Amino acid sequence: MNREEDGDDEVVCLDESFFINDDYQLTTFTFGSQVLHLFCLQSASTDFDLTGQLVWPGAMLMNDYLSKNPDVLQASSILELGSGVGVTGILCSRFCREVLLTDHNEEVLKVKILKKNIEHHTSSENPNSDAGLAVEKLEWGNSDQINKIIQKYPGGFDLILGADICFQQSSISPLFDTVEQFLRLKGRGQCKFILAYVSRAKSMDSMVLNEATRHGLLINEIVGTRSVVGNLEGVIFEVTLK
């Protein structure tokens, strides 16, 4: 917090740290036979886009689906977009061979919450950790960051995951820009994007479908996944190249 003098008035300038709540609690999540212990918040400030500090309804929807369909993950290489606390990526690590967790926010990504959860999960207290877990910064549509990941993973990924990542309309086009690039890296029929989507506004519902189509992608609802999560309607989409 900084104080500045403006004539007779004292102006208080609040920096980012004023809004950040890092009182993380170790929380237990159960998905089928899988039990995860992760640090997270029960609520978070969005003033500095730190929504990744807690577990959102779409992540619960995604993890429930994956725990019931572990064959989707077997021996796979996975890229997760908007990983947040890492609840989806860490669950995947119990079934697949490689998981790259990404987020665009440094506070969430490496400094505190995600790093802390990966260290906890890969500790000697968690022998079920099978896959390699790695972290990279990724702001959707950022060519430098996308190319950095492609250089490290030239063979691409078998599966791209996104759980409850559609909040701001301005982010949807760069999201599908990014998804399209990674789908094309692997090739048609070799990679798919699984999106756990929670409906909060009709305009966003339409935008997600329209942007997928505009990027030359097929987007289809996975049968049987539509349900109510956190008093909102959720569904899981499968997105592929045409």
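Just so it is clear, the structure is predicted and the values come from calculations on it, not from any experiment.
- Checked by atom type, the side-chain pair Glu80/Thr102 shows no donor-acceptor distance below 3.5 Å.
- The shortest distance between side-chain heavy atoms of Thr30 and Gln34 does not fall below 4.5 Å.
- Donor-acceptor pairing under 3.5 Å is recorded for the side chains of Asp205 and Tyr197.
- Asn63 and Thr88 share a side-chain donor-acceptor pair at under 3.5 Å.
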task = Could you check His215 against Val179 for side chain to side chain contact (heavy atoms under 4.5 Å, CB included), going step by step and ending with a plain yes or no?
result = CA-CA 9 Å; His215 283 81; Val179 168; over 6 Å; no
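- Contact between Gly82 and Asp103 at its shortest, heavy atoms only, is C-OD2, 3.6 Å.
- For Ser93 against Leu133, the heavy-atom pair with the smallest separation is CB-CD2, 3.8 Å.
- From Cys191, atom SG reaches atom CD1 of Ile160 across 4.0 Å, with rounding to the nearest 0.5 Å.
- Two residues are said to be in side-chain contact when any heavy atoms from C-beta on lie closer than 4.5 Å; His121 and Arg94 meet this criterion.
- No single ILVMFWY cluster, assembled from side-chain heavy atoms under 4.5 Å apart, contains both Phe237 and Val228.
- Here Ser67 contributes atom OG and Phe29 contributes atom CZ; the two are 14.0 Å apart, rounded to the nearest 0.5 Å.
- The shortest distance between side-chain heavy atoms of Tyr153 and Leu100 falls below 4.5 Å.
- One hydrophobic cluster, built from ILVMFWY side chains closer than 4.5 Å, cannot hold both Leu218 and Val72; they sit in different ones.
- Here OG of Ser77 is found 6.5 Å from NZ of Lys186. Values are rounded to the nearest 0.5 Å.
- Residues Ser76 and Ile78 meet the side-chain proximity criterion, which asks for heavy atoms closer than 4.5 Å.
- Looking only at distances, a side-chain donor or acceptor of Gln145 sits under 3.5 Å from a matching main-chain atom of Glu139.
- Contact between Gly58 and Ala196 at its shortest, heavy atoms only, is O-CB, 3.4 Å.
- The pair Lys137-Asp144 does not meet the salt-bridge criterion, since no charged nitrogen lies less than 4.0 angstrom from a carboxylate oxygen.
- Between Leu73 and Cys92, the closest heavy-atom pair is CD2-SG, 3.9 Å.
- Within 6.0 Å of NZ in Lys242 there are more than 12 heavy atoms belonging to other residues, nucleotides or ligands.
- In the hydrophobic cluster analysis, where Ile, Leu, Val, Met, Phe, Trp and Tyr join through side-chain heavy atoms closer than 4.5 angstrom, Leu209 is grouped together with Leu183.
- Leu26 and Met60 fall within a single hydrophobic cluster, where Ile, Leu, Val, Met, Phe, Trp and Tyr are joined by side-chain heavy atoms under 4.5 Å apart, directly or via other members.
- In this structure the side chain of Leu81 never reaches within 4.5 angstrom of the side chain of Leu161, judged on heavy atoms.
- The two residues Ala59 and Asp164 come nearest to each other via the heavy atoms N-CB, 4.2 Å.
- Within the 4.5 Å cutoff, the side chain of Ile194 has heavy atoms near those of the Met62 side chain.
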message = I'd like to know whether His120 forms a side chain to side chain contact (heavy atoms under 4.5 Å, CB included) with Leu36, so could you lay out the CA-CA distance, the side-chain angles of the two residues, the decisive distance to 0.1 Å, and finally the verdict.
response = CA-CA 10 Å; His120 177 74; Leu36 300 181; over 6 Å; no
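- Remark: Ser173 pairs with Arg214 by the side chain to side chain donor-acceptor pair (under 3.5 Å) rule, at least two apart or across chains.
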message = If you apply the rule side chain to side chain contact (heavy atoms under 4.5 Å, CB included), what do you find for Ile150 with Lys152, and how did you get there?
response = CA-CA 5 Å; Ile150 290 174; Lys152 287 188 176 182; over 6 Å; no
request  = Walk me through it: do Gln25 and Phe39 pass the test side chain to side chain contact (heavy atoms under 4.5 Å, CB included)?
outcome  = CA-CA 5 Å; Gln25 299 177 19; Phe39 292 96; over 6 Å; no
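- Nearest heavy atoms, Leu185 versus Pro154: CD1-O, 3.8 Å.
- Side-chain contact between Ile90 and Asn117: present, with at least one pair of heavy atoms (C-beta onward) separated by less than 4.5 Å.
- Side-chain contact, Gln181 with Thr178: no donor N or O sits under 3.5 Å from an acceptor N or O.
- Using a 4.5 Å cut-off on side-chain heavy atoms (C-beta onward), Ile222 and Tyr65 make contact.
- To the nearest 0.5 angstrom, Met207 atom CE is 9.0 Å from Ser171 atom OG.
- Distance check, rounded to the nearest 0.5 Å: CD1 of Ile236 to CZ of Arg226 gives 11.0 Å.
- To the nearest 0.5 Å, atom CG of residue Leu195 and atom CD of residue Glu238 are 11.5 Å apart.
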